2 protein chains.
Amino acid sequence: MVSRKAKRIVDLSGALLERRVLHLKEAASLLNVSEMTVRRDVAEHPDQFGYLGGHIVPAADLDADVPYELARAADSHAAAKREACAHAAKHIGPGDTIFIDCGTTLLSLIDYVPESYSITAVCYALNVAEKLTRRSNTNVVMLGGLYYPSSASFSGASGLETLDHLGINTAFISAAGVDLNRGASCAHFHEAPVKQKVISLAQRSFLVVDSSKIGKLKAAFFAPMDAFSSLITEEGETDIAHAG
Amino acid sequence: MVSRKAKRIVDLSGALLERRVLHLKEAASLLNVSEMTVRRDVAEHPDQFGYLGGHIVPAADLDADVPYELARAADSHAAAKREACAHAAKHIGPGDTIFIDCGTTLLSLIDYVPESYSITAVCYALNVAEKLTRRSNTNVVMLGGLYYPSSASFSGASGLETLDHLGINTAFISAAGVDLNRGASCAHFHEAPVKQKVISLAQRSFLVVDSSKIGKLKAAFFAPMDAFSSLITEEGETDIAHAG
DNA sequence: TTTGGCTTGTTATGTTTATCACAAAATTGC
DNA sequence: GCAATTTTGTGATAAACATAACAAGCCAAA
């Protein structure tokens with residue numbers, strides 16, 4: 001027979017699947033043990049449970065194991081990125097089909113699109129998809145493929161093929177480096193083919209970065225500046241002269 | 001100019017993107033205001049923030065706004081589902097490529113695979129993908145397509161094409177209904193083509209359900225019983241007689 | 001510049017949570 | 001069935017958190 005303790009752990013994680021948060025007191029009465037015992041159970045299984053001031057949560061909700069230097073990237077220039085998104089969102093209209101690149105830069109773009117707009121959003125990053133699916137009035141299209149933790153995104157041949165069936169009005173592309181002469185580059189090679197194909201198919205593309213990226217050049221070059229209608233940063237929008 | 005308050009809210013949700021949990025004290029010093037102010041900010045934006053005994057979390061982590069009757073389905077028979085997964089996981093070996101179906105049934109399958117096994121997992125549901133990407137030693141392949149909130153999964157022609165490039169050893173398929181004569185069915189039509197193609201390509205397929213599903217029949221029929229090597233429930237494994 | 005409304009900080013008080021040590025109860029091995 | 005070990009409960013104490021009332025500060029319009 002399985003020890004009482006093991007059964008409690010299973011019961012508790014079961015209850016959490018359903019409730020997402022459980023107060024210590026609830027958990028105790030649910031499991032028919034004292035609060036102290038629940039405390040001990042939770043403390044002994046940090047892999048399964050998180051504990052926040054009297055509340056038990058699934059460990060998954062907390063684990064700062066966010067893939068990607070995402071965790072690291074998210075803090076730096078977070079405010080600038082949000083401002084850049086606010087500018088970029090002005091280019092989105094009702095009924096549009098947009099493409100949202102991976103990374104942290106464009107994560108808040110969707111927050112600046114009025115709830116009333118019904119749009120279709122194409123993405124290939126897990127964190128972006130998650131946000132999009134929470135929004136109503138939004139069709140979400142995901143490009144599949146192999147997962148790359150470095151950018152929390154998927155890519156592969158069939159993801160690229162999916163793009164052939166889509167009509168994208170406006171693509172929002174981000175970059176880890178923007179050199180005003182050479183163009184836009186990113187740190188991970190697997191992202192480049194996706195970005196390039198999107199840029200080639202979309203009616204118009206915008207390059208969205210916080211200004212700290214300007215002047216930098218990363219390993220994977222993916223587009224010259226004149227591939228974009230404009231460069232958008234927290235400071236606003238800069239038209240790109242199409243005269244070579 | 002934007003009110004100071006509005007900027008704080010944006011900063012706070014930005015910090016949460018990165019940290020997932022923020023202690024009241026940290027938040028206060030981060031925003032350069034008193035704890036009391038942070039309390040008030042959080043209380044005024046229940047849509048964005050959750051608050052658990054001194055800790056601020058993104059509302060999304062708590063909000064029972066889990067898409068799908070997922071929320072509803074998750075509680076019922078949760079223990080049975082986990083037990084079924086424990087049985088099913090015995091069929092996974094190091095180096096395998098497995099397919100994990102959508103729904104809540106197979107969510108805990110991955111928990112029963114030893115950390116030391118390096119595997120490749122193919123999926124098409126957002127909640128499954130999320131769990132898989134948290135695991136080390138795991139290649140994750142996602143089938144893309146249009147998002148269906150009803151099952152938190154993606155499907156479409158190009159997702160199906162992706163399957164052609166994959167060699168799947170073992171497929172774990174779940175169902176909303178299992179009729180021992182007619183076979184397996186699910187509630188959403190978009191899932192059926194994916195399940196069918198996977199079953200046709202995988203070396204072997206297992207049907208994994210909690211026993212409450214047995215005897216039920218849902219709208220979208222997708223496979224006869226003899227398409228599966230065995231039926232796995234919380235009570236264990238039942239070989240399926242291949243004699244018609 | 002001054003008024004009035006709104007925002008923020010402070011303080012005080014009560015409640016909840018955290019931790020520890022020890023006792024009681026249950027399990028296990030023999 | 002008995003002793004050793006583990007698990008669980010209890011109560012005391014300290015720390016952290018919650019809440020409300022009021023004072024001070026900020027901002028905008030007159």
Side-chain angles (χ1 to χ4, degrees), chain A residues 1-64 78-79 82-83 86 111 234, chain B residues 1-64 79 82-83 86 111:
Chain A
M1 165 157 174
V2 180
S3 78
R4 244 203 280 289
K5 195 186 226 171
K7 176 164 167 31
R8 279 204 312 271
I9 303 302
V10 173
D11 286 351
L12 185 56
S13 61
L16 275 180
L17 256 186
E18 165 190 3
R19 299 281 313 274
R20 308 217 65 174
V21 199
L22 215 52
H23 193 276
L24 192 60
K25 208 182 296 175
E26 299 176 87
S29 73
L30 200 73
L31 303 173
N32 278 308
V33 293
S34 70
E35 296 187 12
M36 193 62 229
T37 300
V38 179
R39 280 178 194 278
R40 289 194 264 241
D41 283 350
V42 168
E44 278 173 25
H45 296 268
D47 50 317
Q48 295 192 58
F49 309 118
Y51 185 73
L52 298 179
H55 305 260
I56 306 162
V57 297
D61 282 7
L62 300 181
D63 272 0
R82 277 192 302 279
E83 283 183 59
D111 296 331
E234 71 273 23
Chain B
M1 165 149 178
V2 186
S3 79
R4 241 202 285 287
K5 196 187 228 170
K7 175 165 168 29
R8 277 204 313 270
I9 303 302
V10 173
D11 285 351
L12 185 56
S13 61
L16 276 179
L17 259 185
E18 165 195 0
R19 297 284 310 274
R20 309 218 65 172
V21 198
L22 216 51
H23 193 276
L24 191 61
K25 208 182 297 175
E26 299 175 87
S29 73
L30 201 72
L31 303 174
N32 277 310
V33 292
S34 70
E35 295 186 13
M36 193 61 229
T37 300
V38 179
R39 280 176 194 278
R40 289 193 265 240
D41 283 350
V42 169
E44 277 173 25
H45 297 268
D47 50 317
Q48 296 192 57
F49 309 118
Y51 185 73
L52 299 178
H55 305 260
I56 306 162
V57 297
D61 281 5
L62 302 181
D63 268 3
R82 275 192 306 279
E83 283 183 59
D111 295 332

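In what follows, chains carry the letters A, B, and so on, assigned in the order in which the sequence lines appear, proteins first and then strands, with residues in each chain numbered from 1. Just so we're clear, the structure is a prediction, and the values are computed from it rather than from any experiment.
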Residues B/A28 and B/S34: closest non-hydrogen pair is CB-C, 4.0 Å

Check side-chain hydrogen bond (donor to acceptor under 3.5 Å, both in side chains) between A/S29 and all other residues, then give those that pass, not counting sequence neighbours. none

Could you check how far CG of A/D41 sits from P of D/dT6, rounded to whole Å? 17 Å

Distance check needed: D/dA16 P versus B/I56 CD1, whole Å only. 17 Å

Quick one: salt bridge (Lys or Arg N to Asp or Glu O under 4.0 Å) pairs with a partner in residues 21-37 of chain A, sequence neighbours left out? A/R19-A/E26

Whole-Å distance between D/dA16 P and A/H55 NE2? 17 Å

Close side-chain approach of B/V21 and B/L52, heavy atoms under 4.5 Å: no

Phosphate OP1/OP2 of D/dC17 contacted by B/Y51 side-chain N/O (<4.0 Å): no

Can you see if the side chain of B/H23 gets near the phosphate of D/dA16 - specifically, an N or O under 4.0 Å from OP1 or OP2? no

May I have the distance from B/R8 (atom CZ) to C/dT7 (atom P), rounded to whole angstrom? 10 Å

Candidates B/T37, B/N32, B/D41 - the one meeting side chain to side chain donor-acceptor pair (under 3.5 Å) with B/R8: B/D41

Residues of residues 24-40 of chain B with any non-hydrogen atom less than 4.0 angstrom from an atom of DNA chain D: list those, numerically ordered, please. B/M36, B/R39

A/L24 vs A/Y51, test: side-chain contact (heavy atoms from CB on, under 4.5 Å). Steps then yes/no. CA-CA 9 Å; A/L24 192 60; A/Y51 185 73; 3.6 Å; yes

From CG of A/L22 over to P of C/dT17, roughly how many Å is that when rounded to an integer? 13 Å

